[in-house]
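Notes for the one structure printed next.
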Amino acid sequence: MNSQMVPLVLHTRVISGQGGGPEKTILNSPRFLEPLGYHGVCVYLRDPGDQKFDIIRKRAVEKRAKLVEVDDFGIKDIGVVKRMRVAVEQIVQQGSFQSSPLIWHGHDYKSNLLGLLLKKHFPGMRLVTTVHGWVQKTWKTPLYYAIDKWCLARYEQVICVSRDLFEDCQKLGVESSRLTLIDNAIALDDYEFEMAQSEAKTRLGFAPETKLVIAVGRLSDEKGFDLLIDAVAQLIKDGENVALAIAGDGAFRNALQNQIDELGLSEVIKLLGFVADPRVVYRAGDVYVLSSYREGLPNVVLEAMAMKVPVISTRIAGMPDLISDGNNGMLIETGSADAIGQALRQLAQSPNQRDSLANASRRTVEERFSFQSRMESIAKIYRQL
């Protein structure tokens, strides 16, 4: 097909470090969109001095995603508008897409705002955004939320990755005709992984016979990792042969490490930091725990389920839509180390229940959260434009 006939989709995103869950969706999108008749480019705004961004570069190569980088020096950097305009012009010209339909697909407040500001330079450009969630709370959050609220009202199509976000957007006044719920999904082939559980545990520094509780995510307050640490510590005190590994990095790392050290459990409760291949962590795990106070529908839970790790999750946001309590996972109250501990104790003592939940969770992902199906739904939205 002539490139001038193929719609060009620009997946745009502002990021620091290695990013988070949305990167798994964004960087996988181009290779799934291509057979559906769309050319995709990932356009990332990042600080040029951010050395951790090299992780995104490597992931883009692995996923065969074309990556374009745009310098971004923070909230006061008005020059980013011109740099983004030049970047888009170069993408269009170098790829011979001058006559192609152009779709701007934003993935956060800043890319949403830039799409609106640049539309006058690209009159035929259509505007789509995905709302991944507003979970981090900082002094800047009210400003970002206000910008996003203003932008969402002006976008042609708004995609939400969980029901609670869909309802939030309804409350913000986004018209139903412009609002679509498309759950997060994962590319199952990314999680085909040949490694014995005993080897994975050993690589992480745990004894093969230990029942390993795992979690993956940014080390921030909304994740509730302090509660998870307390829950596992109590089980260890009670004589259970369990351990905990948390993969990820963030602002709360020192506080969590201090908590572990004060408990005297640094040998069996470990903060792994950033893990280049989290499949090792999933393979090592006997139980995955999502202890968060706030989430959308996190990719990490889908990944754990795809790798047949039974999941315990707080009853938040989109999780009750994903997990049927007692069937393909367990749901617990939010903000309670005791609730986490009780659920963990039950699974630690019941290998048959762990196996049953693990097998059911894998079937759930296969049947309902296929990335191929998700991208077909996305392409349908593009065609409507």
Side-chain angles (χ1 to χ4, degrees), residues 1 3 6-48 50-72 83-84 86-97 100-108 110-112 114-115 125-130 132 159 161 182 184-193 274-279 299-300 302-303 306 369-379 381-382:
M1 184 182 292
S3 63
V6 179
L8 173 62
V9 181
L10 303 176
H11 286 279
T12 57
R13 165 102 157 136
V14 61
I15 192 176
S16 61
Q18 66 266 18
E23 274 52 69
K24 297 161 188 172
T25 296
I26 295 168
L27 296 175
N28 263 323
S29 292
R31 67 187 173 104
F32 279 86
L33 280 174
E34 187 174 359
L36 299 174
Y38 296 86
H39 183 79
V41 177
C42 302
V43 187
Y44 272 77
L45 299 124
R46 72 341 171 217
D47 187 320
D50 187 350
Q51 296 182 354
K52 289 185 178 180
F53 189 79
D54 193 49
I55 294 166
I56 299 297
R57 297 185 185 105
K58 292 176 180 176
R59 287 181 180 171
V61 172
E62 292 171 0
K63 306 303 180 187
R64 306 191 303 277
K66 179 175 174 57
L67 176 66
V68 173
E69 303 175 28
V70 178
D71 291 349
D72 177 25
R83 291 193 294 276
M84 180 62 90
V86 171
V88 174
E89 289 173 346
Q90 290 176 345
I91 293 168
V92 170
Q93 293 168 4
Q94 293 173 2
S96 299
F97 286 100
S100 297
L102 182 60
I103 299 171
W104 178 281
H105 194 143
H107 289 271
D108 54 69
K110 195 164 193 174
S111 59
N112 288 343
L114 284 169
M125 185 169 72
R126 315 311 295 266
L127 299 178
V128 179
T129 183
T130 294
H132 295 278
I159 299 165
V161 301
I182 304 179
N184 272 334
I186 60 173
L188 286 170
D189 60 340
D190 284 347
Y191 299 94
E192 302 301 330
F193 190 59
F274 171 74
V275 177
D277 189 350
R279 293 178 301 176
N299 278 305
V300 289
L302 294 176
E303 292 165 2
F369 297 93
S370 153
F371 202 82
Q372 177 68 40
S373 297
R374 184 182 197 278
M375 295 314 297
E376 288 172 357
S377 298
I378 298 288
I381 289 176
Y382 294 160

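For the numbers below, each heavy atom of this structure counts, side chains included, while hydrogens, waters and symmetry mates do not.
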Please check this pair: side chain of Ser111 against backbone of Thr12, looking for a donor-acceptor N/O pair closer than 3.5 Å. yes

Using a 4.5 Å cut-off on heavy atoms from C-beta on, say whether the side chain of Val43 contacts that of Val88. no

Distance check, rounded to the nearest 0.5 Å: Ile15 atom CD1 versus Leu45 atom CG? 10.0 Å

Verdict with supporting geometry, Leu33 and His11, side-chain contact (heavy atoms from CB on, under 4.5 Å): CA-CA 12 Å; Leu33 280 174; His11 286 279; 3.7 Å; yes

How long is the span from the CD1 atom in Ile182 to the OG1 atom in Thr25, to the nearest 0.5 Å? 11.0 Å

Polar side-chain atom of Ser373 near backbone of Phe369 as donor-acceptor pair, under 3.5 Å: no

Would you say Thr129's side chain and Gly106's backbone share a donor-acceptor pair under 3.5 angstrom? yes

Is a side-chain N or O of Arg31 found less than 3.5 angstrom from the main chain of Arg64, in a donor-acceptor match? no

Give a yes or no on whether Gln51 atom CD has more than 12 heavy-atom contacts from other residues, nucleotides or ligands under 6.0 Å away. no

Value rounded to 0.5 Å, distance of CG in Leu27 from CZ in Arg57: 12.5 Å

Interatomic distance, CG@Asn184 vs NZ@Lys24, rounded to 0.5 Å, equals 10.0 Å

Among Asp72, Val68, Ile26, which one satisfies side-chain contact (heavy atoms from CB on, under 4.5 Å) with Tyr44? Ile26

Decide yes or no on side-chain contact (heavy atoms from CB on, under 4.5 Å) for Met375 and Ser29, but give the supporting numbers first. CA-CA 7 Å; Met375 295 314 297; Ser29 292; 3.6 Å; yes

Quick check for you: to the nearest 0.5 Å, what is the distance between Asp108 atom CG and Thr130 atom OG1? 10.5 Å

Is it the case that more than 12 heavy atoms not belonging to Glu34 sit under 6.0 Å from its CD atom? no

In Å, rounded to the nearest 0.5 Å, how long is the span from CD of Gln18 to CZ of Phe274? 5.0 Å

Set out, in order, the CA-CA distance, both residues' side-chain angles and the distance that settles side-chain contact (heavy atoms from CB on, under 4.5 Å) for Ser16 and Phe53, then state yes or no. CA-CA 7 Å; Ser16 61; Phe53 189 79; over 6 Å; no

Do the side chains of Arg46 and Glu69 get close enough for a salt bridge, i.e. N-O under 4.0 angstrom? yes

Arg13/Glu23 ion pair, N-O < 4.0 Å: yes

As a quick check of understanding, evaluate side-chain contact (heavy atoms from CB on, under 4.5 Å) for Arg126 and Trp104, giving each step before the final call. CA-CA 6 Å; Arg126 315 311 295 266; Trp104 178 281; over 6 Å; no

For Glu376 and Gln372, test the side chains for any donor-to-acceptor distance below 3.5 angstrom and give the result as yes or no. yes

Can you tell whether the side chains of Lys52 and Asp50 come within less than 4.0 Å, N to carboxylate O? no

Under a 4.0 Å threshold between the charged nitrogen and the carboxylate oxygen, would Asp190 count as salt-bridged to Lys63? yes

His105 side chain to Tyr382 side chain, donor-acceptor N/O pair below 3.5 angstrom: yes

Note: Asn299 and Pro22 closest approach over all heavy atoms is ND2-N, 4.5 Å

